Asker: 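What follows is a structure written as structure tokens; I'll ask about it next.
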There are 2 protein chains.
Amino acid sequence: MKITEASKACGLSVYTIRFYERSGMLPEIDRGSDGHRRFTPRHVEWLTLLYWLRETGMSLKQMRRFTTLAKEDGAGIAERRQILAGHADTLKSKRAMLEKCESVLAIKIASYGPAHEEDAK
Amino acid sequence: MKITEASKACGLSVYTIRFYERSGMLPEIDRGSDGHRRFTPRHVEWLTLLYWLRETGMSLKQMRRFTTLAKEDGAGIAERRQILAGHADTLKSKRAMLEKCESVLAIKIASYGPAHEEDAK
DNA sequence: CATTTGACCTAGAGTTGCTCTAACCCGTTA
DNA sequence: TAACGGGTTAGAGCAACTCTAGGTCAAATG
């Protein structure tokens, strides 16, 4: 699979995938005889996880650490679990933040007085 | 009130407050005879709203637009309401994203096998 | 009275995490 | 044959901070 297809499959832009590779956040990617990257389903699975992690605010630094552990394989499982569990915790507080903000917005919107039908058109 | 106090009250760093002022996202801020900014409770209220908007991912561009409308006052209410309502909508989908990611993480963590007591220490 | 401390000021450099451009290569297709 | 549609790299540009350097001033301290 080439980069465009991988991009569509994982949700990251081709720019971002190349950037992540340069930044050492991806496992080895083989090249075809044409010099183009060849992505396996395992790569796509990895990219998809990274997509979720970045989309929900994990830093590149942490993602790099996570990838490094995966490369070492075996020994790093405990720390990888810890990174993901820690991130899951931050997601909980992010969700609370969003809820809080939604209520702040609701109050603010209400403070503008009742909506006029005309405004919505 | 000076900048440090305002910063503590609204949640934005003093750097960010100054940056927001330079970027035209704040109403006029008066200066004391010492040249230092003087923040009123209204400023703090405004900064706090901006804090929530940025913390939940609104772009500076949109925040600038929002501030511009507030400066004009009166006529802009409809569009301001629309901006906030639109943002409230994006928060809903963000919240759905987080939930989705939380379940992705739970599956991934489970795939590492049962946690060892030793790992948690 | 002199100086040092601390809070503020500005301009501008540095950082993170992309995002895009320029210039190039290579295989197919008209 | 040349031009099109992918891919490649290096590096510039951008958003949104974040911090540093060098300065002012007011109050506290030696």
Side-chain angles (χ1 to χ4, degrees), chain A residues 1-26 28-40 43-44 46-68 83 87 90 94 97 101, chain B residues 1-26 28-40 43-44 46-68 83 87 90 94 97 101:
Chain A
M1 180 188 310
K2 296 217 200 149
I3 198 163
T4 303
E5 202 183 339
S7 163
K8 273 163 192 157
C10 73
L12 295 168
S13 74
V14 295
Y15 300 135
T16 303
I17 293 174
R18 288 197 276 247
F19 168 70
Y20 280 6
E21 192 194 23
R22 283 189 250 179
S23 312
M25 298 199 306
L26 300 184
E28 276 281 306
I29 303 168
D30 291 349
R31 302 300 179 105
S33 55
D34 52 3
H36 296 184
R37 293 174 186 80
R38 289 300 141 79
F39 294 83
T40 65
H43 284 126
V44 171
W46 191 256
L47 288 167
T48 305
L49 178 58
L50 293 186
Y51 165 80
W52 283 108
L53 294 179
R54 126 186 133 160
E55 198 75 351
T56 53
M58 183 179 283
S59 71
L60 292 201
K61 197 179 165 186
Q62 190 123 68
M63 281 160 65
R64 194 151 33 229
R65 175 76 187 140
F66 188 67
T67 304
T68 305
I83 287 171
H87 190 62
T90 76
K94 284 203 182 211
M97 271 281 295
C101 187
Chain B
M1 180 187 315
K2 296 214 198 148
I3 198 165
T4 303
E5 203 182 338
S7 163
K8 273 163 193 158
C10 73
L12 295 168
S13 74
V14 295
Y15 299 135
T16 303
I17 294 174
R18 289 197 276 246
F19 167 70
Y20 280 6
E21 192 194 22
R22 282 190 249 178
S23 311
M25 300 199 305
L26 300 183
E28 276 280 308
I29 303 168
D30 291 347
R31 303 298 181 108
S33 56
D34 53 5
H36 295 184
R37 294 172 184 81
R38 289 301 139 79
F39 294 83
T40 66
H43 284 124
V44 171
W46 190 257
L47 288 167
T48 304
L49 179 58
L50 292 187
Y51 165 81
W52 284 109
L53 294 178
R54 130 192 125 154
E55 198 75 353
T56 54
M58 182 178 283
S59 71
L60 292 200
K61 197 179 166 190
Q62 189 125 65
M63 281 160 66
R64 194 153 32 233
R65 175 75 187 143
F66 187 67
T67 304
T68 306
I83 287 171
H87 190 62
T90 76
K94 282 201 185 217
M97 272 281 295
C101 187

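This is a predicted model, so every value here is computed, not measured.
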Asker: Taking for each residue the nucleotide of DNA chain C bearing the nearest heavy atom, is the 5' side occupied by B:F39 or by A:R54?
Answerer: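 Upstream on the strand: B:F39.
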Asker: Is B:R37 close to B:E21 at the side-chain level, that is, under 4.5 Å between some pair of heavy atoms?
Answerer: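 In contact.
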Asker: Summarise protein proximity over nucleotides 20-26 of chain C in one line of letters, 5' to 3': B for base, S for sugar-phosphate only, - for none, counting protein heavy atoms closer than 4.0 Å.
Answerer: BB-----
Asker: To the nearest angstrom, how far is A:K61 atom NZ from C:dT15 atom C1'?
Answerer: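 Rounding to the nearest Å, NZ of A:K61 and C1' of C:dT15 are 13 Å apart.
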Asker: Pick base, sugar-phosphate or nothing for B:S23, based on heavy-atom distances below 4.0 Å to the nucleic acid.
Answerer: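 The answer is nothing, as B:S23 stays clear of every strand by at least 4.0 Å.
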Asker: Between A:I17 and A:L26, does the side chain to side chain contact (heavy atoms under 4.5 Å, CB included) criterion hold? Intermediate values first, please.
Answerer: CA-CA 9 Å; A:I17 293 174; A:L26 300 184; 4.2 Å; yes
Asker: Distance check needed: D:dG6 C1' versus A:K8 NZ, whole Å only.
Answerer: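 The answer, rounded to whole Å, is 11 Å.
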Asker: Table please: side-chain donor-acceptor pairs of residues 58-66 of chain B below 3.5 Å, with sequence neighbours left out.
Answerer:
residue : atom : partner : partner atom : Å
B:S59   : OG   : B:Q62   : N            : 3.2
B:R64   : NH1  : B:S23   : O            : 3.0
B:R65   : NE   : B:E79   : OE2          : 2.8
B:R65   : NH2  : B:E79   : OE1          : 2.7
B:R65   : NH2  : B:E79   : OE2          : 3.2

Asker: Would you mind telling me which of D:dG7, C:dC18, D:dA16 lies closest to the side-chain atoms of A:F19?
Answerer: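 Nearest to the side-chain atoms of A:F19, counting from C-beta on, is C:dC18.
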Asker: Does a side-chain heavy-atom distance below 4.5 Å link A:R38 with A:K2?
Answerer: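 Answer yes - side chains close enough.
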Asker: Test side chain to side chain contact (heavy atoms under 4.5 Å, CB included) on B:T67 and B:W46; report intermediate values, then the result.
Answerer: CA-CA 9 Å; B:T67 304; B:W46 190 257; 3.7 Å; yes
Asker: To the nearest 0.5 Å, tell me how far A:C101 SG sits from B:H87 NE2.
Answerer: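 Output value for this atom pair is 5.0 Å.
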Asker: In whole angstrom, what separates A:I17's CD1 from D:dT8's P?
Answerer: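 Rounding to the nearest Å, CD1 of A:I17 and P of D:dT8 are 10 Å apart.
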Asker: Quick one: B:R38 CZ to C:dC9 C1', roughly how many Å, whole number?
Answerer: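 Rounded to whole Å, this separation is 12 Å.
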Asker: Return no unless some side-chain N or O of B:R37 is found under 4.0 Å from OP1 or OP2 of C:dT10.
Answerer: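 Result: yes.
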Asker: Would you mind reading off the distance between B:E55 atom CD and D:dA16 atom C1', rounded to a whole angstrom?
Answerer: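 Taking atom C1' of D:dA16 as the reference, CD of B:E55 is at 13 Å.
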Asker: Under 4.0 Å between any heavy atoms, over every strand shown, what does B:S13 touch: base, sugar-phosphate, or nothing? Just pick one.
Answerer: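 Nothing: the residue B:S13, judged by heavy atoms under 4.0 Å, touches no strand.
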Asker: Rounded off to whole Å, could you give me the CG-to-P distance for the B:D30 and C:dC9 pair?
Answerer: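 Between P of C:dC9 and CG of B:D30: 13 Å.
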Asker: Would you mind reading off the distance between B:L60 atom CG and D:dA16 atom P, rounded to a whole angstrom?
Answerer: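 In whole Å, D:dA16 P and B:L60 CG are 4 Å from each other.
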Asker: Nearest-Å distance, CZ (A:R64) to C1' (C:dT16)?
Answerer: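 Going from CZ in A:R64 over to C1' in C:dT16 covers 10 Å.
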Asker: Let's see if you can work this out: which of D:dG7, C:dT10, D:dA16 has an atom nearest to the side-chain heavy atoms of B:R31?
Answerer: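 Shortest atom-to-atom distance from the side chain points to C:dT10.
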